[in-house]
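This report refers to the structure that appears directly beneath it.
Start at 1 and go down the list; that is how both ligands and their atoms are numbered. Computed from a predicted model, the values in this text were never measured in an experiment.
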Amino acid sequence: MSTLITLRNVSVIRRRIDSLIHALDDISLDVSRGQWLGVIGRNGSGKSTLARVLSGLGRVSGGDVTRADAQIRIILQNPDAQIVGETVFEDLCFGMENACIPPNDMPAKALQALEAVGLHVSFDTPILHLSGGQKQLLCVASALVTAPDCIVFDESTAMLDPLSRQHLLETVSALHQRGLTVIWITQWSSELTYADMVLALEDGHIAFHGQPREFFYDACSGLGYPPPYTVQVAMALFERGVDLSTKPMTPSELHQALESMTPFELHQAVESATPFELHQAVESRRGQE
Ligand SMILES: Nc1ncnc2c1ncn2[C@@H]1O[C@H](COP(=O)(O)OP(=O)(O)OP(=O)(O)O)[C@@H](O)[C@H]1O
């Protein structure tokens with residue numbers, strides 16, 4: 001896979017009233033074409049600063065940023081900060097005008113983008129009539145009309161309810177399968193199960209960079225993020241001596257692991273971990289975190 005964005009020893013220094021702080025400190029990172037990079041970090045850890053640097057909106061104080069000849073878009077946490085039109089079509093046209101798309105081609109491209117994100121509203125719908133989740137989908141559609149190579153999602157699910165959050169993740173997952181490079185920034189470890197690389201930021205520096213499975217099972221809790229519920233259940237099973245022969249990240253992976261056990265092993269697993277016991281084990285793990 002070719003490299004889309006390279007950061008080498010990048011730092012971003014911000015001025016506070018009476019001091020300077022490193023919003024990013026010595027960050028080196030490669031983002032490959034077609035990759036899904038998940039970025040996690042607490043408030044103030046530097047996620048938005050990194051999002052701006054990766055998308056070309058933010059300047060760096062030191063180090064090198066190299067971008068391949070590619071179109072990189074960013075979607076912000078608050079859709080209202082990004083929507084410029086008064087109707088759905090107006091907003092979709094804004095990006096297309098900037099990209100010099102001929103006016104005759106705009107309706108077809110707009111319709112295609114709305115369909116890609118599953119936003120079924122008419123062109124003349126006023127933005128005021130859209131819910132927060134629909135506005136976020138419109139932002140994704142507005143990014144898609146210009147066929148970007150990569151989209152940086154900066155905590156784009158932060159204002160969404162669980163259903164809209166899941167819908168947006170699945171929409172982005174379908175786009176990723178069609179070749180879109182995704183940089184997904186979040187505070188929720190469960191959203192990292194879609195990633196093929198995970199980066200955790202702490203006070204502007206990299207606290208972890210590696211595979212999601214390694215992150216969930218070896219680093220997540222230590223860095224202060226509760227692992228996804230499936231991982232917590234699997235860990236509770238491991239602690240009880242149940243050999244799952246894999247480290248599942250999703251409910252379907254856990255299901256497969258349990259299914260591949262022999263009836264005897266499964267019996268032992270169930271004997272040693274009733275749902276109530278499992279729940280207690282997970283709760284006691286939570287208490288330790
Ligand atoms: N324009 C600015 N001027 C001064 N300091 C800033 C500015 N923007 C960010 N910072 C500081 O840089 C650090 C990183 O901020 P950043 O917004 O990148 O973090 P974040 O992880 O995105 O936080 P959040 O989750 O709260 O959005 C923080 O300490 C923040 O206070």
Side-chain angles (χ1 to χ4, degrees), residues 4-31 35-65 67 72-83 132-133 135-136 139-140 143 150-162 164-165 168-169 172 181-195 197-210 212 215-216 219-228 289:
L4 197 69
I5 312 165
T6 303
L7 307 188
R8 284 291 171 267
N9 310 107
V10 162
S11 63
V12 174
I13 296 172
R14 301 278 200 197
R15 185 175 294 280
R16 292 251 173 92
I17 294 171
D18 53 0
S19 62
L20 298 174
I21 59 137
H22 272 90
L24 291 180
D25 188 9
D26 197 22
I27 303 284
S28 293
L29 171 70
D30 292 310
V31 181
Q35 190 177 44
W36 182 312
L37 173 70
V39 180
I40 193 164
R42 279 188 278 274
N43 290 133
S45 58
K47 300 183 300 298
S48 294
T49 308
L50 180 66
R52 292 173 65 81
V53 167
L54 289 169
S55 59
L57 289 180
R59 289 226 190 125
V60 301
S61 317
D64 295 312
V65 182
R67 269 182 223 90
I72 302 168
R73 300 288 302 262
I74 184 168
I75 310 244
L76 306 172
Q77 184 174 337
N78 180 358
D80 289 324
Q82 195 150 1
I83 291 176
K135 283 184 197 168
Q136 200 59 282
C139 288
V140 181
C150 171
I151 302 184
V152 182
F153 294 86
D154 186 6
E155 293 193 58
S156 305
T157 55
M159 295 173 76
L160 303 185
D161 65 43
S164 311
R165 176 182 290 229
L168 181 62
L169 267 163
V172 175
T181 306
V182 175
I183 298 171
W184 186 271
I185 296 176
T186 183
Q187 303 210 22
W188 302 99
S189 68
S190 57
E191 294 185 2
L192 298 175
T193 53
Y194 291 80
M197 272 311 245
V198 168
L199 182 93
L201 281 177
E202 237 177 32
D203 296 332
H205 68 263
I206 295 179
F208 175 90
H209 188 199
F215 177 73
F216 292 139
C220 200
S221 303
L223 290 172
Y225 305 102
E289 278 161 14

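Remark: ligand 1 atoms within the under-4.0 Å shell around heavy atoms of E155 are 25 (O), 27 (O). Atoms of ligand 1 lying under 4.0 Å from at least one heavy atom of R42, given by number and element, are 21 (O).
Nearest protein neighbour of atom 19 (O) of ligand 1, counting heavy atoms only, is G46 N, 3.3 Å. With hydrogens left out, the protein atom closest to atom 26 (O) of ligand 1 is N43 ND2, 3.0 Å, a heavy atom. In terms of protein heavy atoms, atom 9 (C) of ligand 1 is closest to R14 NE, 3.7 Å. Closest to atom 11 (C) of ligand 1 among all protein heavy atoms lies I21 CD1, 3.8 Å. Of all protein heavy atoms, the one closest to atom 15 (O) of ligand 1 is T49 OG1, 3.8 Å. From the protein, the heavy atom lying nearest to atom 17 (O) of ligand 1 is S48 CB, 3.7 Å.
S11 OG to H205 NE2: the interatomic distance, rounded to the nearest 0.5 Å, is 14.0 Å. Note that the OG1 atom of T181 and the CD1 atom of I5 stand 8.0 Å from one another [nearest 0.5 Å]. Taken to the nearest 0.5 Å, the CG atom of L201 stands 5.0 Å off from the OG atom of S45.
Between atom 21 (O) of ligand 1 and the options R16, R15, K47, the minimum heavy-atom separation is to K47. Among A23, G44, G41, the residue whose heavy atom sits closest to atom 28 (C) of ligand 1 is G44.
Under 4.0 Å from ligand 1, the heavy atoms of Q187 that appear belong solely to its side chain.
Between T49 and A23, the shortest heavy-atom contact is OG1-CB, 3.8 Å. Across all non-hydrogen atoms, the minimal contact from T186 to W188 is OG1-N, 2.9 Å.
Both tests hold for R42 against Y225: distance to the six-membered ring centre under 6.0 Å, angle to the ring axis within 45°.
K135 and D80 are joined by a salt bridge, as a carboxylate oxygen and a charged side-chain nitrogen come within less than 4.0 angstrom of each other. A salt bridge links R8 with D30: the distance from a Lys NZ or Arg NE/NH1/NH2 to an Asp or Glu carboxylate oxygen falls below 4.0 Å.
When only interatomic distances are considered, the shortest N/O to N/O separation between Q77 and ligand 1 does not fall below 3.5 Å.
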